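Proteins get letters first, then strands, A, B, ... in listed order; numbering begins at 1 in each. Since the model is a prediction, treat every value here as computed from it, not as a measurement.
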Amino acid sequence: DQQVKQNSPSLSVQEGRISILNCDYTNSMFDYFLWYKKYPAEGPTFLISISSIKDKNEDGRFTVFLNKSAKHLSLHIVPSQPGDSAVYFCAASLTSGNTPLVFGKGTRLSVIA
Amino acid sequence: GAGVSQTPSNKVTEKGKYVELRCDPISGHTALYWYRQSLGQGPEFLIYFQGTGAADDSGLPNDRFFAVRPEGSVSTLKIQRTERGDSAVYLCASSLTIGPYNEQFFGPGTRLTVL
(Lines give C-alpha, C1' and ligand atoms only; values in the text may rest on other atoms or scores of the structure.)
Protein backbone atom coordinates (compact mmCIF):
# COMPACT_ATOMS: atom_id res chain seq x y z
CA ASP A 1 0.00 0.00 0.00
CA GLN A 2 1.62 3.21 -1.22
CA GLN A 3 1.60 5.81 1.54
CA VAL A 4 3.08 8.48 -0.75
CA LYS A 5 1.71 8.70 -4.27
CA GLN A 6 2.94 10.57 -7.30
CA ASN A 7 0.31 9.79 -9.88
CA SER A 8 2.00 11.44 -12.85
CA PRO A 9 4.96 9.38 -14.01
CA SER A 10 6.07 12.10 -16.38
CA LEU A 11 5.58 15.78 -17.16
CA SER A 12 6.78 17.86 -20.08
CA VAL A 13 7.04 21.66 -19.83
CA GLN A 14 8.42 24.39 -22.03
CA GLU A 15 11.41 26.36 -20.85
CA GLY A 16 10.37 29.48 -18.98
CA ARG A 17 6.95 28.13 -18.01
CA ILE A 18 5.84 26.81 -14.63
CA SER A 19 6.29 23.14 -13.70
CA ILE A 20 3.86 21.74 -11.13
CA LEU A 21 4.57 18.35 -9.64
CA ASN A 22 1.98 16.78 -7.39
CA CYS A 23 2.11 14.37 -4.47
CA ASP A 24 -0.58 12.81 -2.28
CA TYR A 25 -0.16 10.95 0.96
CA THR A 26 -2.45 8.67 2.93
CA ASN A 27 -0.89 8.64 6.40
CA SER A 28 -2.25 11.64 8.30
CA MET A 29 0.52 11.22 10.87
CA PHE A 30 3.15 12.44 8.40
CA ASP A 31 4.24 15.92 9.42
CA TYR A 32 7.37 16.60 7.39
CA PHE A 33 7.65 16.49 3.64
CA LEU A 34 10.60 16.70 1.28
CA TRP A 35 11.32 16.84 -2.42
CA TYR A 36 14.36 15.19 -3.91
CA LYS A 37 15.72 15.53 -7.42
CA LYS A 38 17.55 12.75 -9.22
CA TYR A 39 19.68 12.82 -12.35
CA PRO A 40 20.57 9.57 -14.15
CA ALA A 41 23.38 7.56 -12.54
CA GLU A 42 23.40 9.86 -9.50
CA GLY A 43 21.81 9.58 -6.09
CA PRO A 44 18.83 11.75 -5.17
CA THR A 45 19.68 15.23 -3.88
CA PHE A 46 17.58 17.19 -1.43
CA LEU A 47 15.69 20.09 -2.96
CA ILE A 48 13.23 21.60 -0.51
CA SER A 49 11.14 20.61 2.50
CA ILE A 50 8.09 21.74 4.42
CA SER A 51 6.84 21.13 7.92
CA SER A 52 3.15 20.51 8.52
CA ILE A 53 2.89 23.73 10.54
CA LYS A 54 3.37 25.65 7.30
CA ASP A 55 1.43 25.69 4.06
CA LYS A 56 4.14 27.14 1.85
CA ASN A 57 7.92 27.18 1.68
CA GLU A 58 9.88 29.00 -0.98
CA ASP A 59 13.51 28.75 -2.06
CA GLY A 60 14.42 30.66 -5.18
CA ARG A 61 12.60 29.19 -8.16
CA PHE A 62 11.19 26.35 -6.06
CA THR A 63 8.06 26.57 -3.91
CA VAL A 64 6.36 23.73 -2.08
CA PHE A 65 2.70 24.02 -1.09
CA LEU A 66 1.06 21.81 1.51
CA ASN A 67 -2.68 21.21 1.86
CA LYS A 68 -3.05 19.10 4.99
CA SER A 69 -6.81 18.68 4.77
CA ALA A 70 -6.43 17.23 1.28
CA LYS A 71 -3.21 15.36 2.17
CA HIS A 72 -1.66 16.92 -0.89
CA LEU A 73 1.51 18.76 -1.66
CA SER A 74 2.90 20.25 -4.81
CA LEU A 75 6.24 21.52 -6.03
CA HIS A 76 6.25 24.57 -8.29
CA ILE A 77 9.27 25.44 -10.37
CA VAL A 78 9.18 28.81 -12.07
CA PRO A 79 10.65 29.59 -14.46
CA SER A 80 11.52 26.06 -15.58
CA GLN A 81 14.97 25.55 -17.07
CA PRO A 82 16.38 22.68 -19.16
CA GLY A 83 18.70 21.78 -16.26
CA ASP A 84 15.62 21.04 -14.16
CA SER A 85 14.97 17.95 -16.29
CA ALA A 86 15.25 15.09 -13.81
CA VAL A 87 13.14 12.68 -11.76
CA TYR A 88 11.53 14.34 -8.75
CA PHE A 89 10.65 12.29 -5.67
CA CYS A 90 8.25 13.34 -2.97
CA ALA A 91 9.04 11.94 0.50
CA ALA A 92 7.30 12.07 3.86
CA SER A 93 8.31 11.47 7.43
CA LEU A 94 7.28 11.73 11.05
CA THR A 95 9.20 14.19 13.20
CA SER A 96 8.44 12.27 16.37
CA GLY A 97 10.70 9.26 16.70
CA ASN A 98 13.29 8.46 14.13
CA THR A 99 11.19 7.02 11.37
CA PRO A 100 12.63 6.59 7.89
CA LEU A 101 11.61 8.57 4.83
CA VAL A 102 8.79 7.16 2.70
CA PHE A 103 9.20 8.00 -0.98
CA GLY A 104 6.78 8.22 -3.88
CA LYS A 105 7.53 6.60 -7.23
CA GLY A 106 8.76 9.81 -8.77
CA THR A 107 7.77 12.09 -11.66
CA ARG A 108 10.10 12.53 -14.63
CA LEU A 109 10.18 16.21 -15.62
CA SER A 110 11.35 17.18 -19.08
CA VAL A 111 11.90 20.87 -19.73
CA ILE A 112 11.97 21.55 -23.43
CA ALA A 113 14.03 24.44 -24.75
CA GLY B 1 34.77 17.34 0.60
CA ALA B 2 33.95 13.87 -0.59
CA GLY B 3 30.35 12.81 -0.77
CA VAL B 4 28.90 9.38 -0.10
CA SER B 5 30.62 6.73 -2.16
CA GLN B 6 29.39 3.25 -3.01
CA THR B 7 31.26 0.32 -4.46
CA PRO B 8 30.93 -1.39 -6.80
CA SER B 9 28.90 0.84 -9.08
CA ASN B 10 27.61 -2.22 -10.90
CA LYS B 11 27.43 -5.84 -9.80
CA VAL B 12 26.24 -8.74 -11.90
CA THR B 13 25.84 -12.07 -10.17
CA GLU B 14 24.13 -15.38 -10.63
CA LYS B 15 21.08 -16.55 -8.77
CA GLY B 16 22.06 -18.17 -5.48
CA LYS B 17 25.34 -16.30 -5.04
CA TYR B 18 26.37 -14.07 -2.15
CA VAL B 19 27.07 -10.36 -2.67
CA GLU B 20 28.42 -7.53 -0.56
CA LEU B 21 27.75 -3.87 -1.29
CA ARG B 22 29.85 -1.21 0.37
CA CYS B 23 29.02 2.33 1.46
CA ASP B 24 31.45 5.02 2.58
CA PRO B 25 29.49 7.83 4.25
CA ILE B 26 30.49 11.44 4.56
CA SER B 27 33.12 11.79 7.28
CA GLY B 28 31.57 12.69 10.61
CA HIS B 29 28.06 11.56 9.70
CA THR B 30 26.75 9.28 12.42
CA ALA B 31 23.56 8.16 10.66
CA LEU B 32 23.67 5.84 7.67
CA TYR B 33 20.73 4.56 5.64
CA TRP B 34 20.25 1.84 3.02
CA TYR B 35 17.48 2.02 0.44
CA ARG B 36 16.54 -0.15 -2.52
CA GLN B 37 15.15 1.33 -5.72
CA SER B 38 13.50 -1.12 -8.09
CA LEU B 39 12.67 -0.16 -11.66
CA GLY B 40 9.89 2.43 -11.78
CA GLN B 41 9.75 2.78 -8.02
CA GLY B 42 11.01 5.29 -5.50
CA PRO B 43 13.68 4.42 -2.94
CA GLU B 44 12.40 1.99 -0.33
CA PHE B 45 13.91 2.01 3.14
CA LEU B 46 15.83 -1.09 4.21
CA ILE B 47 17.81 -0.29 7.37
CA TYR B 48 19.49 2.56 9.15
CA PHE B 49 22.32 2.87 11.62
CA GLN B 50 23.06 5.40 14.30
CA GLY B 51 26.73 4.84 14.99
CA THR B 52 27.51 1.14 14.97
CA GLY B 53 24.07 -0.14 15.88
CA ALA B 54 21.16 -0.85 13.57
CA ALA B 55 18.50 1.51 14.89
CA ASP B 56 15.77 0.23 12.56
CA ASP B 57 15.98 -2.80 10.27
CA SER B 58 12.26 -3.11 9.64
CA GLY B 59 12.66 -2.58 5.90
CA LEU B 60 14.87 -5.60 5.28
CA PRO B 61 12.70 -7.90 3.12
CA ASN B 62 13.84 -11.19 4.67
CA ASP B 63 16.70 -12.87 6.52
CA ARG B 64 18.82 -13.13 3.37
CA PHE B 65 19.60 -9.44 3.83
CA PHE B 66 21.97 -8.24 6.51
CA ALA B 67 23.97 -5.06 7.06
CA VAL B 68 26.82 -4.12 9.35
CA ARG B 69 28.66 -0.97 10.35
CA PRO B 70 31.28 -2.28 12.77
CA GLU B 71 33.24 0.93 13.35
CA GLY B 72 30.47 3.45 12.87
CA SER B 73 31.69 4.56 9.47
CA VAL B 74 31.76 2.22 6.46
CA SER B 75 28.75 -0.06 6.07
CA THR B 76 28.32 -3.28 4.13
CA LEU B 77 25.00 -4.62 2.91
CA LYS B 78 25.16 -8.39 2.51
CA ILE B 79 22.73 -10.46 0.46
CA GLN B 80 22.81 -14.25 0.66
CA ARG B 81 21.37 -16.68 -1.90
CA THR B 82 20.50 -13.87 -4.30
CA GLU B 83 17.27 -14.08 -6.28
CA ARG B 84 16.31 -12.39 -9.54
CA GLY B 85 13.89 -10.21 -7.61
CA ASP B 86 16.81 -8.69 -5.71
CA SER B 87 17.88 -6.87 -8.89
CA ALA B 88 17.66 -3.15 -8.15
CA VAL B 89 19.75 -0.09 -7.41
CA TYR B 90 20.88 -0.10 -3.80
CA LEU B 91 21.29 3.42 -2.46
CA CYS B 92 23.17 4.48 0.64
CA ALA B 93 22.69 7.83 2.37
CA SER B 94 24.26 9.47 5.38
CA SER B 95 23.30 12.39 7.59
CA LEU B 96 24.95 14.24 10.44
CA THR B 97 22.66 12.48 12.87
CA ILE B 98 19.27 10.78 12.78
CA GLY B 99 16.01 12.65 12.42
CA PRO B 100 14.06 14.05 9.45
CA TYR B 101 15.50 17.57 9.77
CA ASN B 102 18.97 16.25 9.07
CA GLU B 103 19.49 16.20 5.33
CA GLN B 104 20.29 12.80 3.91
CA PHE B 105 23.09 12.82 1.33
CA PHE B 106 22.82 9.96 -1.13
CA GLY B 107 25.52 8.06 -2.92
CA PRO B 108 25.24 7.16 -6.62
CA GLY B 109 24.05 3.65 -5.82
CA THR B 110 25.11 0.13 -6.73
CA ARG B 111 23.16 -1.45 -9.57
CA LEU B 112 22.74 -5.12 -8.74
CA THR B 113 21.70 -7.52 -11.49
CA VAL B 114 20.92 -11.11 -10.57
CA LEU B 115 20.87 -13.40 -13.61
Side-chain angles (χ1 to χ4, degrees), chain A residues 1-10 21-25 27 29-54 57 59 64 66 75 86-108, chain B residues 2-10 21 23-26 29-51 53-60 67 88-111:
Chain A
D1 179 35
Q2 280 262 303
Q3 295 189 72
V4 177
K5 301 179 185 181
Q6 294 178 256
N7 292 320
S8 297
S10 63
L21 295 95
N22 294 303
C23 177
D24 297 289
Y25 60 96
N27 187 343
M29 299 295 290
F30 287 141
D31 56 1
Y32 191 65
F33 305 90
L34 309 90
W35 285 93
Y36 279 80
K37 175 179 177 179
K38 185 182 184 303
Y39 292 117
E42 295 183 11
T45 55
F46 170 76
L47 192 56
I48 192 168
S49 64
I50 188 165
S51 166
S52 61
I53 62 173
K54 294 186 172 183
N57 188 25
D59 183 1
V64 55
L66 174 63
L75 174 68
V87 177
Y88 289 79
F89 292 102
C90 173
S93 181
L94 300 170
T95 52
S96 59
N98 297 309
T99 54
L101 295 178
V102 179
F103 285 85
K105 291 186 178 184
T107 296
R108 181 178 301 278
Chain B
V4 177
S5 63
Q6 293 186 245
T7 52
S9 54
N10 279 283
L21 312 179
C23 172
D24 278 88
I26 292 171
H29 280 193
T30 63
L32 185 147
Y33 306 78
W34 283 100
Y35 294 86
R36 176 168 74 173
Q37 186 178 9
S38 302
L39 197 62
Q41 304 293 316
E44 292 177 288
F45 167 76
L46 295 176
I47 184 172
Y48 83 85
F49 293 85
Q50 172 64 19
D56 184 346
D57 65 357
S58 62
L60 295 176
V89 175
Y90 289 81
L91 293 164
C92 175
S94 71
S95 62
L96 200 55
T97 185
I98 56 175
Y101 297 120
N102 292 283
E103 181 182 342
Q104 292 185 29
F105 296 83
F106 282 81
T110 293
R111 181 176 296 278

- [ ] Assess the pair A:Tyr32 and B:Tyr101: is the distance between their ring centroids shorter than 6.0 Å?
- [x] yes

Open item on the list: Contact between B:Phe45 and B:Trp34 at the side-chain level, heavy atoms closer than 4.5 Å - yes or no?
Closed with: no

Task: Segment of A:Phe89 engaging chain B (4.5 angstrom heavy-atom cut-off) - done: side chain

Task: Toward chain B, the part of A:Tyr36 with a non-hydrogen atom under 4.5 Å - done: side chain

Open item on the list: Heavy-atom cut-off 4.5 Å, strictly under: side chain, backbone, both or neither for B:Ile98 against chain A?
Closed with: both

Open item on the list: Measuring centre to centre across the rings, with the benzene-like ring taken for any Trp, is B:Tyr35 within less than 6.0 Å of A:Phe103?
Closed with: yes

Task: For chain B, the option from A:Ala91, A:Gly104, A:Pro44 that forms the most heavy-atom pairs under 4.5 Å - done: A:Pro44

- [ ] State whether a side-chain donor-acceptor pair under 3.5 Å links B:Ser95 with B:Glu103.
- [x] no

- [ ] Please look at A:Ser93 and chain B and tell me whether the side chain, the backbone, both or neither of the residue comes under 4.5 angstrom of a heavy atom of that chain.
- [x] side chain

Open item on the list: Report which part of B:Gln37 has an atom under 4.5 Å of a heavy atom belonging to chain A: side chain, backbone, both, or neither.
Closed with: side chain

Open item on the list: With a 4.5 Å cut-off on side-chain heavy atoms, are A:Asn7 and A:Asp24 touching?
Closed with: yes

